[in-house]
Structure formats: C-alpha cells, structure tokens
Amino acid sequence: MVTITSVAPRRFFGMEGFKLDRQMFEVMTKETLNSMTKRMQVYAPHIANKARPGQFIIFRVNEKGERIPLTVADTDKDTGAVTIIFQEVGKSTKELGELEIGETVLDFVGPLGKPSELDRIGRAAVVGGGLGCAIAFPQAKYLFNSGTQVDIIAGFRTKDLVILEDDMKAVSQNFYMCTDDGTYGTKGLVTDVLRGLIESGEKYDKVLVVGPLPMMKFVSLLTKEFGISTIVSMNTIMIDGTGMCGGCRLTVGGETKFACVDGPEFDGHLVDFDEAIRRSGMYKDIEGEKNAQHVCRLEKM
Amino acid sequence: MPNMSKTKVPMPVQEPDVRNRNFSEVALGYTEDMAVEEAERCINCKHKPCVAGCPVNVAIPEFIALVHERKFEEAYYKILETNALPAVCGRVCPQESQCEQVCVRGKLGEPVGIGHLERFVADWYMKNVHKLIKPAAPNGHKAAVVGSGPAGLICAADLAKLGYDVTVFEAFHATGGVLVYGIPEFRLPKNIVNHEIDNLRELGVKLKTNMIIGRAFTIDELFEQGYEAVFIGTGAGLPSFMNIPGENFNAVYSANEYLTRVNLMRSYDETYDTPIMKSRAVAVIGGGNVAMDAARCAKRLGAETVYIVYRRSEVEMPARIEEVHHAKEEGIIFKTLTNPVRITGNERGYVNGMECVEMELGEPDASGRRRPVEKKGSEFMMDVDTVIVAIGTSPNPLIRTTTPGLETNKYGGLVVEDTTNMTSRKGVFAGGDAVTGAATVILAMGAGKKAAKAMDEYIRGVIPADS
Ligand SMILES: Cc1cc2nc3c(=O)[nH]c(=O)nc-3n(C[C@H](O)[C@H](O)[C@H](O)COP(=O)(O)OP(=O)(O)OC[C@H]3O[C@@H](n4cnc5c(N)ncnc54)[C@H](O)[C@@H]3O)c2cc1C
Ligand code: FES
C-alpha cells in the first residue's frame, strides 16, 4: 500500500462550484393577475438587452426541476428586468410562483427562438386565448407602436380569469372581449368574434393568434377560409431550446421543424395541429403523478 | 521478466444482471496489484507504435514503466504532459482503433490494456493526491471560450496556465458538454467530470452557464467586451432524423433528447422532475457509442426488450468494442443488417411498432465500407413502443448564422486553418465536433490544445493579425 501524507485537503467545489457558475437571477417584482396566473420581473440584463417580441426564455427553479420555456412578455433595458407571465399549472410553474421578491431562479436562459416578423403590416387582428394574451401582448404592443392598426380579440373561460385588459386596451384601436360562459364581454369563442368582424367587412392583412392549441387550430381554419395570412405561436415541450434535442419538433407544411429554433412562430395554415396536440400530451400521465406529489411551501410550514 | 500472458488482466465489472438495473459505473477499475501485473505485459519495445497511435501522443511506455515501479503519482504526471483528462480518456477513448490497435503484444494475443492503465493512474491520483493547483500569474490578457465540452475545457485550461483571464460560456445549466449530457453515469461517472472542472476553477477559469453565444452575445460582442481571441467549441449537437413516416409519434426520441433527459436531467431518479417514457420494448437505431448508450439506458430504465437496429453488419459498427460487448452482456438484442422503413402509432399518437427491411452488403461505398442494400420483400414488423434515433448529429448553425464571415463546409462544420485552428475570422479559433462533426473526446481535446497554443501566439503577436 502506498500512502501519501503531505496533503492539504483539496478544495472541492461540488455543488458550491455549480452555483458559482451562475449569475443570480433575482425576482424583482411579483404580482398576481388572477387565481392561477402570475407576472414576475426577473433580473437578467443580458436577456433584457436582446430579447425581441416573440422570443422566449427557459427557466429551472431548482436543481431537480424541469427546464420550462416561457415567452418574454416585456423587457426593461434600464433595470435589466425580463417580464414573464405564467399559469401555475405544473410543478415547476407552481414552484416558480412560490418564489418571493429577492429570491433567485436557479437557471434563466435566453433569448431563444426567432423574433416575430412584425414589420410593414397595415392592419392586424391579434387574437389571444387565456394565458395566450400574455404572449400576444408584446406583439400587439410592438405593432401598435410601429404604426400598425391593431384590433385585439381576447377570450377567457370566465370573468375571474381575465388578465391584462387595460394593457391590451392601451395598445389597440379596437378591443373585443369574450368569455366562454358570458360572464364578461360577449358570450362565445374568439373564433365567433373574429368571424363576425371579417364577415361584417373588416379587412386584416395579418392575424396573430396565441392560445391553447385547439383554439389556434380553429382560428387558422377560419382565416384560411378567408385567405388571411396567420401566424401562430407554438409552445411545445422543450429541453434545451437551442436545437439540440428535437423534442420540440412539429410538422409544418409537411416538413419537420424545431419550434425552439425555427419558431416559435409559424404559418398557422401549414401547422399540423393534430400532431402537435398529441405531442403536447406525451407526458400527461406521468406529469399528473408528479403534480400530485408537489406540496406547496405554505402547506409544508 | 515481462508478464507473457496473452490476455489482459481482466477488468473487474459489475455483474451484467445487476448492472443493467442500476446507473453505477460498470467497470470497477484495477487494484494496484492488477495494474502492476498488467504493466508488466508491456515489453517496452523499441519503436513504440502506441505513442504514434495516440492522437495526443501520450508517453505510453514511460507511464506504464512508472506504474510497474509503483510510482503512480509520477505516472500521472507523465500522462498529464500531453493529456489533461486521463480519467475521462481512460474510460471513453476507442483504444482498440488507436494505441492498442498497434501494440506489439496485440500480434499474439491481446494488446496491453493501455486504457485500463490510464484510467487506473488517473483514479489513483484523484483518490490519493490532494494538491492545490496554483493559478498562473496573470498576463493581463482576456480570452473567451464558447462551449464547455472537452475541446473548450482543454483550451481554457491551457490558456489559464499561461496566465490568461479566461471565461467559458456554456449554453446549458451545467458544464462538460457531451461528457455530462450524453455519456451516461454508468460509463463515465459525473463526479469525475466535475473533478476535472473543479481543477479548471482552481486555475482561475471563469465558467458562465446559461449563456448562449449567438443569442445573449454574438462573437463580435465578445470582442467588444475586451476578449482578444475567441475559441468556438460548440460541438455537433444537432440531431439527424431518418425522415421516414411516423417519426413524430409520441415516444420517438432523438438519442440526444433521450440521453439528456436521462443523464443531465436525471429522469431515472424519481426525485427529479423531468419525465421520460416508461417503455416496454425499445428500438435504438444506429451502431455507434451513442446508440449503445441509449440502449443501455433504456434497459436500466426498465424496458423488457431493447434492440439495436443497424443497417450494416456488426464489424462495421463504429462503437467501441467494449461497449458492444457490455451491451450484449446486459441483454441488448442486436438486429444488424436491418433498416427501419416506417414507424406506426396508435390512435392516441403513441408508437406501437416499427416496420423494418432486411439488408445485405453490396459493393464498397465512398467510406470503404460495403454498402447495405435492401433485400426485396423482406419487410417485417417489430413490436416496440419506443424508438430512439441515434444516426448522427451535425454542428449547430446558431453561431455560424450570427457571425458574419465565418466559413463552414457543406456539413456545417467550421473551416479552420490546419496548424492554428483559426477560422476564416481573425482571432476566432475553433475545434472539436464543431469543426469535424461528431468525432471523439480525444480528438476534441487535441484540437482545443492546438488552438490554445495558437491563440496565445496570436494574442502575443507571433501570428500577425493581418496574415
Ligand atoms: C452519447 C455519446 C457517447 C459518446 N461516446 C464517446 C466515447 O465513448 N468515446 C469518445 O471518444 N467519444 C464519444 N462521444 C463523442 C464525444 O463525446 C464528442 O466527440 C466530444 O464530446 C466533442 O467535444 P466538443 O468539446 O467538441 O463538443 P461537446 O462535448 O459537444 O460540447 C459542446 C458544448 O458547447 C455548448 N454549446 C453549443 N452551442 C453553444 C452556444 N451557442 N453557446 C454556448 N455554448 C454552446 C454545448 O451545450 C456543449 O456543452 C460520444 C458522444 C455522445 C453524444
Ligand atoms: S427544445 Fe431541444 S431542439 Fe428544440
């Protein structure tokens, strides 16, 4: 046996080093928009400097968490803030929502994806469904500020879930609200409102639609009927967000595309929505189990 | 008197039926006595073909002689002269097509277990020697490294040793590149990679994770921030698919996705959140290390049946022999000369089978290997519920599309000057899979090393900036 004696214990960074490599992504502000939706500003100046409408970030709350994509809802170059709006639907988004101001998100990477192509559009209809309004809002704002005539159609399940109403009104010429149950605005779906507008003679150069997959599918079918060019935003399952795994793939015009690098925005008339809907549910059963295991920090106290 | 045994001292391993249910390392490593016994098999021949067979020319007979004398620490320093990651290389290098292929002892029996000995020396050092690494005196210059795979890590280490203020930018939340997201724990334990990365920190290298170059900053912006030279070691991460019908059904994965979910996101550990399909029967398509790793992970995650589906025959498989051997022992079924033609799915969109066709070998193709051709009418169905595609990867276009003036070849690899690894952009160097396409750890390291030397010369003005 050989023994070595002259040893100063080696500094082992382990987890410590792991943390050293990171910038501190601090939660700067946090608001509740409705019972299941929160808005947060996270300190990430290099992303705030670069992000354009349509781009997204990927976050991970803690060492054991998943990597989850979220659209950049707004940025502030002066304060270095990146705004995200999210629904607390899964374990990771719940954990994100539990972070307090001053606490940090472990990982926050971006900006990812291609920015929206929003220039030289005369008149646009921006259609948002539920949380999709948060994703559509920065686009509407950009269009409005660059001189496009913007009509916004916002749809929610019910009045209690309405978010961003004032923000959206501020960046549109006409604002239409509808709820599934009629508790606020007109009763009905965004497709009903959009069809009404088109049939009554409103002309749009472009329709932007962000919301649940079935909603984007039906809006796209409707606009196809009228030959109006339509952009949808595909929030697929992702890991890296850089084109390295292909988990985010979808079929567009018969070709396989990666949502994270070729998108997230695509021509709504070309997307295979049925496949996208199937793929989005890939882990539903497994997620259900994990979700059930999650105990809110408040409950643990 | 040399040890004239025709076979290597066997490497202790976990029993196949035990290890195919856990993620702990398969090969357990030599003891000191085993290492000395194996070292005695080296006859210290005069012309040392092994040294020339090693892409970084490790002084193999010398380090083996030191092992023989039980001077393990000295043996470590001998290897370190040309190879900064011996613990990694001892485990993952394709020795059978490099140093061991040309070993004189291989003519009459097995070659000397050079890889096993390299690994032993590195592990012994890690366990027994604890020396603080002193950072070099700063030379006042800044350099940036993009990507923290083996190419980037070695480039950063070499520059730091010369006194450079080096920052490594990594897109993922963890450093190590393929060594952490691709190669599984049971083949390359992550604490070994982390140990090497700790060494880098001690050398004063700054590591920045969550930084995608091309998005957060462009290469040009790195120069604006005061970095005087940049190394691109971004690997070949873009997965290829087969473009056959059914490839987008649920539970068809690229090997990159499957391995990332398992290795980096640790979905095999219940306490981690990232989900992975619970599969019953898995087909992995491809014959390289990546395919073997994916198949062995699938088995460990509980799949009853795991197939390797490869269109050529076993001799053409590019995987390390040891991995093929281990995979077979663990119960992976090899379907060679078989090519998938379509994947079928159920009404919910999940894979429920794969149609394949049998192949036979025809005339040699451009690669010198005999080209596989379809046997007409030999189509058959495979009963699988998961398909993993491991047919190759290519370099990610992100940097090339955001850096004006960066030349690439038709496969998307960055074009570099042979002796310096400088790209078509002044002060921008590149190496590893980003240049060659998917290759090996040792070649990536060699390129990182070469580039570091040239970057130093470039910054010091030895290579004129306007050459
Ligand atoms: C599953 C698997 C098994 C393998 N087995 C073996 C084996 O047994 N033996 C062997 O010799 N080789 C093996 N290889 C090949 C070997 O791992 C690679 O050749 C080697 O890692 C290449 O090193 P690299 O430094 O060029 O790139 P990589 O290791 O790919 O590292 C590149 C890094 O750059 C990062 N990056 C990419 N783009 C950006 C960007 N824009 N900004 C910032 N960072 C970025 C990536 O996230 C990654 O961390 C295997 C590969 C795989 C996938
Ligand atoms: S998220 Fe991995 S390729 Fe798009």
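Note on naming: letters A, B, ... go to the chains in the order of the sequence lines (proteins, then strands), and numbering restarts at 1 for each one.
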- Looking only at heavy atoms, which two atoms of Ser92(A) and Asp273(B) are closest? And how far apart? OG-OD2, 4.4 Å
- Item | Interface moiety of Phe25(A) toward chain B, non-hydrogen atoms closer than 4.5 Å | side chain
- Message: Restricting to non-hydrogen atoms, name the atom on Val109(A) and the atom on Met211(B) that form the minimum distance, rounded to 0.1 Å.
- Response: CG2-N, 4.4 Å
- Query: So which heavy atom on Tyr350(B) is nearest to which on Met282(A), and how close?
  - Reply: OH-O, 2.8 Å
- Heavy-atom pairs under 4.5 Å with chain B are the metric here; pick the option from Ala44(A), Gly113(A), Ala51(A) that has the most. Gly113(A)
- Contact winner vs chain A - Ala236(B), Ala216(B), Gly345(B), Gly349(B), heavy-atom pairs under 4.5 Å: Ala216(B)
- Please say whether more than 12 non-hydrogen atoms of neighbouring residues, nucleotides or ligands are located less than 6.0 Å from CD in Glu69(B). yes
- Item | Between CD1 on residue Ile237(A) and CG on residue Asn250(B), distance to nearest 0.5 Å | 7.5 Å
- Applying a strict 4.5 Å limit to non-hydrogen atoms, the region of Val389(B) in contact with chain A is neither
- Item | Ser254(B) side-chain N/O to Gly246(A) backbone N/O, donor-acceptor pair under 3.5 Å | no
- Item | Partner chain B: residue of Ile58(A), Ile47(A), Asp272(A), Thr256(A) with the largest heavy-atom pair count (under 4.5 Å) | Thr256(A)
- Message: So for atom NZ, which belongs to Lys30(A), do other residues, nucleotides or ligands contribute more than 12 heavy atoms lying within a distance under 6.0 Å?
- Response: yes
- Interatomic distance, CD@Glu66(A) vs OG@Ser267(B), rounded to 0.5 Å, equals 9.5 Å
- His173(B) and Arg60(A) have their tightest heavy-atom pair at CD2-NH2, 3.3 Å
- Interchain contact, Ala251(B) with chain A, by part (heavy-atom threshold 4.5 Å): backbone
- Item | Winner by heavy-atom pair count (cut-off under 4.5 Å) against chain B, out of Arg278(A), Arg279(A), Met244(A) | Met244(A)
- Item | Student check: side-chain heavy atoms of Phe258(A) and Pro239(B) closer than 4.5 Å | yes
- Task: Flag the pair Arg266(B) and Glu63(A) as a salt bridge only when some basic side-chain nitrogen lies within less than 4.0 angstrom of an acidic carboxylate oxygen.
- Result: no
- Shortest non-hydrogen separation from Asn210(B) to Asp107(A) and the atoms involved: ND2-OD1, 2.7 Å
- Selection from Gly110(A), Pro111(A), Gly247(A) maximising heavy-atom pairs under 4.5 Å formed with chain B: Pro111(A)
- Contact part of Arg348(B) toward chain A, heavy-atom cut-off under 4.5 Å: side chain, backbone, both or neither? both
- Item | CD1-CZ distance between Ile57(A) and Arg215(B), expressed to the nearest 0.5 angstrom | 14.0 Å
- Message: Looking only at heavy atoms and a cut-off of under 4.5 Å, which of Leu238(B), Ile212(B), Asn248(B) has the most pairs with chain A?
- Response: Asn248(B)
- Task: Could you tell me whether the side chain of Ile239(A) reaches within less than 4.5 Å of the side chain of Glu257(B), counting heavy atoms only?
- Result: yes
- Scored by heavy-atom pairs under 4.5 Å with chain B, the best of Glu255(A), Glu275(A), Arg67(A) is Arg67(A)
- Message: In terms of relative ring orientation, are Phe217(B) and His46(A) parallel, tilted or perpendicular, with 30° and 60° separating the classes?
- Response: tilted
- Looking only at Val252(B), Asp33(B), Asn243(B), the option with the highest number of non-hydrogen pairs under 4.5 Å against chain A is Val252(B)
- Message: How about OH on Tyr43(A), more than 12 heavy atoms from neighbouring residues, nucleotides or ligands closer than 6.0 Å, or not?
- Response: no
- From Asp240(A) CG over to Leu264(B) CG, what is the distance, rounded to the nearest 0.5 angstrom? 10.0 Å
- Task: Could you grab the distance from atom OH of Tyr253(B) to atom SG of Cys245(A), nearest 0.5 Å is fine?
- Result: 10.5 Å
